[in-house]
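We name chains A, B, ... by the order of the sequence lines, and we start the count at 1 in each one. These figures come from a predicted structure and were not determined experimentally.
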Protein chains: 2
Amino acid sequence: MTVTLADVAARARVSPATVSRVLNGNYPVAASTRERVLRAVDDLDYVLNGPASSLAAATSDLVGILVNDIADPFFGIMAGAAQTEIGGPGDGSGRAGGEKLAVVCNTGGSPERELTYLTLLQRQRAAAVVLTGGAVEDPVHQAAVSAKLAKLADAGTRVVLCGRPPLPDGEAVVAALAFDNRGGGRRLTEHLLSLGHRRIGYVAGPLERTTTRHRLEGHRDAMRAAGLLGGGTGAAGRPTDGYDEERLTVHGPYDRRSGYDATLELLRREPEVTAIVAANDTVALGACAAVRDRGLRIPEDISVAGFDDLPFSVDAVPALTTVRLPLFEAGARAGRLAMGKETPPPGGIATIAAELMVRGSTAPPRA
Amino acid sequence: MTVTLADVAARARVSPATVSRVLNGNYPVAASTRERVLRAVDDLDYVLNGPASSLAAATSDLVGILVNDIADPFFGIMAGAAQTEIGGPGDGSGRAGGEKLAVVCNTGGSPERELTYLTLLQRQRAAAVVLTGGAVEDPVHQAAVSAKLAKLADAGTRVVLCGRPPLPDGEAVVAALAFDNRGGGRRLTEHLLSLGHRRIGYVAGPLERTTTRHRLEGHRDAMRAAGLLGGGTGAAGRPTDGYDEERLTVHGPYDRRSGYDATLELLRREPEVTAIVAANDTVALGACAAVRDRGLRIPEDISVAGFDDLPFSVDAVPALTTVRLPLFEAGARAGRLAMGKETPPPGGIATIAAELMVRGSTAPPRA
DNA sequence: CTGTTAGCGCCTTCAA
DNA sequence: TTGAAGGCGCTAACAG
């Protein structure tokens, strides 16, 4: 019923080995023979048996791209860019030669699902894995992920991190491309401070996420440098949490709803707030809605800022002040690194700059 | 080096077949034996060899979800929902039992890549394939896709269409869930007409896409019913294109840039336009920006409407009048159908209703 | 309930 | 440049 390599070989009057060789293009084959084989392939409408081939070769053409939320363009842009580099242009024949199957896996931000996907990819003997976006900081989970990645690397899978901080023991990883979330967060808040804001509310992402923590730390660095935070140092050498620090920060998921609710909460806690910094642009959109629903104007009454500079941010009204992350470029680079098409940065680690984008949603506070 | 089933069997003092049975859970195994095997698996940190297993079983646990644009939440929402239904909740152990590997493939709207992905999935002996979003109407490509899907179905792959019209010969497909784009488009324009609009510009999607065509047809149906279009019939029985019809329609990709540019063009062609209907919400956002940049107010000077009701649409200023598509529900249902967890609709075809959402971006035209 | 026995379809030395 | 042969690791009948 189903056509096999042997059928093609028979029709082309060559041995199965020869057919395999022309299909994989790894060995020299006479042009005339190759021609004949290719014709037989087309005639028979032959499609390689992936599992059989992967079993024999001990490697597959599957490349996994893990994302935290596939409905969020933040991840979609990176994943799409990576896929473009990995999948190659395709030859338009639909014949699918030696191409990789670049594939995105949605963890939904769940550590369990992340591990499950890694195991599934390991099981498939994936050629490469790209992990995008912030990591969960639970030590148990981090250890599990590290161990899993080590095993993957051990089995020949190339592992690349994109928009995620390097592993403690980075040996397992081809490269880690980390966004400068901290620097971006700091510059954003510095911008607000320079406009004259002093009471700034912060709508943070979920707890225990590297992205959340780094952006928040950048914000607090700036606040502290301006003398607006209790700058004391606690027992473990970590800054003590000042009163305002806690009171002016609300955590929640990276979605608009969270931005809306958290902003209402901030406004309740501290009506004198003159600016709201959101964990990302989507959250900022929700924050804007909340501000407006409270009868306040942006930026006259309250400034609002986001992070990421997603495509829609420039269309917000007023256009959103935010921090641009080169998502597409980073994703593409991660894809190339995963394919070995690009040499890894020194030490396997690169920090990707974040650029402040000042637009209409921020302005000096009212006098 | 790498642990195999035989190693586990040896350690558990059973035959390889028994190990296979407990891992797949398809055959009865004594509880004590199972226990022993599972312990051996954990001790050895064994991971099933997917390719070998797929080869022997002639089927894999891979499920492909094809999307036109992974950076567009329209697809992300559907794909995420489908993945949730397919991947199952996971057991939290990261051990990855009999779970499916739900995976999304980004065609970028390219017919070639769509075919390539289908071939790759066929090569992997995918358990199921879900095709989301509008199809390209080129007959050659459609025939190629149909043929490919027939072959997939033939090999036991379950094929489901989600947000895509049924195939001409629907035999290959488990189920087709089609959005009522035409009805939604019609009702949206009827809403505008009822407000008193007469000169309505239309920013359409790319040519040759079913989604584009159906939405546009709905719009024109409404216009024609209102006597606003040359309702003549041409040689081939197709409606002749009236002057306004052509002049008030501009095609472009489904992105904000296209909405921006097309709206400027429409405003140039016909300054008397009082409403703009966009192909989708993203395009509508660009349209809003263009309208404002021209110094016009929404909705006082010009009404703007979108399609899809993506999450950000309610946060636009003013909130976007649009047509809601139950993307999450549709994606989840497609996922269930792909897994055989839900019985297909009668005839394998279901039309999913589109709901008009009237919000602040539309109002009566100026007197 | 469990072991034995054949392959699944392909890649890859090794020879020719 | 090509053919022959063995085995990749697992599953699926059959027996028992």
Side-chain angles (χ1 to χ4, degrees), chain A residues 1-38 40-41 44-62 96-98 120 122-125 127 155-156, chain B residues 1-38 40-41 44-62 96-98 120 122-125 127 155-156:
Chain A
M1 180 59 235
T2 135
V3 183
T4 75
L5 233 207
D7 298 328
V8 176
R11 188 173 227 280
R13 312 175 147 279
V14 295
S15 74
T18 299
V19 177
S20 171
R21 293 198 259 255
V22 346
L23 255 27
N24 293 318
N26 298 329
Y27 280 82
V29 173
S32 63
T33 313
R34 142 190 264 83
E35 190 91 358
R36 208 139 34 88
V37 169
L38 254 17
V41 166
L44 265 33
D45 217 9
Y46 170 69
V47 175
L48 192 67
N49 183 318
S53 144
S54 296
L55 172 58
T59 171
S60 86
D61 51 9
L62 194 68
L120 252 13
Q122 178 185 12
R123 173 189 292 188
Q124 299 294 336
R125 306 299 190 253
Chain B
M1 180 58 233
T2 136
V3 184
T4 75
L5 233 206
D7 299 328
V8 176
R11 189 172 225 280
R13 311 176 146 280
V14 294
S15 73
T18 299
V19 178
S20 172
R21 293 198 260 256
V22 344
L23 256 25
N24 293 317
N26 299 329
Y27 279 84
V29 173
S32 63
T33 311
R34 141 192 265 82
E35 190 91 358
R36 209 143 29 90
V37 169
L38 253 18
V41 166
L44 265 34
D45 216 11
Y46 171 69
V47 175
L48 193 66
N49 183 317
S53 149
S54 296
L55 172 58
T59 170
S60 85
D61 51 7
L62 194 69
L120 252 14
Q122 178 186 12
R123 173 189 293 187
Q124 300 294 336
R125 305 301 189 251

At 4.0 Å (heavy atoms only), tell me whether [X] reaches a base, stays on the sugar-phosphate, or touches nothing.
{"X": "L5(B)", "value": "base"}
{"X": "S54(A)", "value": "nothing"}
{"X": "V14(A)", "value": "sugar-phosphate"}
{"X": "A17(B)", "value": "base"}

[N] OP1/OP2 closer than 4.0 Å to side-chain N/O of [X]:
{"X": "T18(B)", "N": "dT2(C)", "value": "no"}
{"X": "S20(B)", "N": "dA12(D)", "value": "no"}
{"X": "S53(A)", "N": "dC10(C)", "value": "no"}
{"X": "T33(A)", "N": "dT2(D)", "value": "yes"}

Taking [atom1] from [X] and [atom2] from [N], how many angstroms apart are they, rounded to a whole number?
{"X": "D61(B)", "N": "dT11(D)", "atom1": "CG", "atom2": "C1'", "answer": "14 Å"}
{"X": "L23(A)", "N": "dC11(C)", "atom1": "CG", "atom2": "C1'", "answer": "12 Å"}
{"X": "R123(A)", "N": "dC8(D)", "atom1": "CZ", "atom2": "P", "answer": "21 Å"}
{"X": "Y27(B)", "N": "dA15(D)", "atom1": "OH", "atom2": "C1'", "answer": "13 Å"}
{"X": "N49(A)", "N": "dC8(D)", "atom1": "CG", "atom2": "C1'", "answer": "13 Å"}
{"X": "R13(B)", "N": "dT2(C)", "atom1": "CZ", "atom2": "C1'", "answer": "16 Å"}
{"X": "L55(B)", "N": "dA6(C)", "atom1": "CG", "atom2": "P", "answer": "18 Å"}
{"X": "R36(A)", "N": "dT2(D)", "atom1": "CZ", "atom2": "C1'", "answer": "11 Å"}

If you round to the nearest 0.5 Å, how far is OG of S53(A) from CG of L23(A)?
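Here the interatomic distance stands at 9.0 Å.
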Of N26(A) and R21(B), whose nearest nucleotide on DNA chain C comes first from the 5' end?
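So the residue in question is R21(B).
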Counting C-beta onward and ignoring hydrogens, is there a side-chain heavy-atom pair between [X] and [Y] closer than 4.5 Å?
{"X": "R125(B)", "Y": "L55(B)", "answer": "no"}
{"X": "T4(B)", "Y": "N49(B)", "answer": "no"}
{"X": "Y27(A)", "Y": "T18(A)", "answer": "no"}

Does R125(B) contact dG9(C) through a side-chain donor or acceptor facing the base, at a distance under 3.5 Å?
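Checked by distance alone, the answer is no.
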V3(A) vs D45(A), test: side chain to side chain contact (heavy atoms under 4.5 Å, CB included). Steps then yes/no.
CA-CA 8 Å; V3(A) 183; D45(A) 217 9; over 6 Å; no
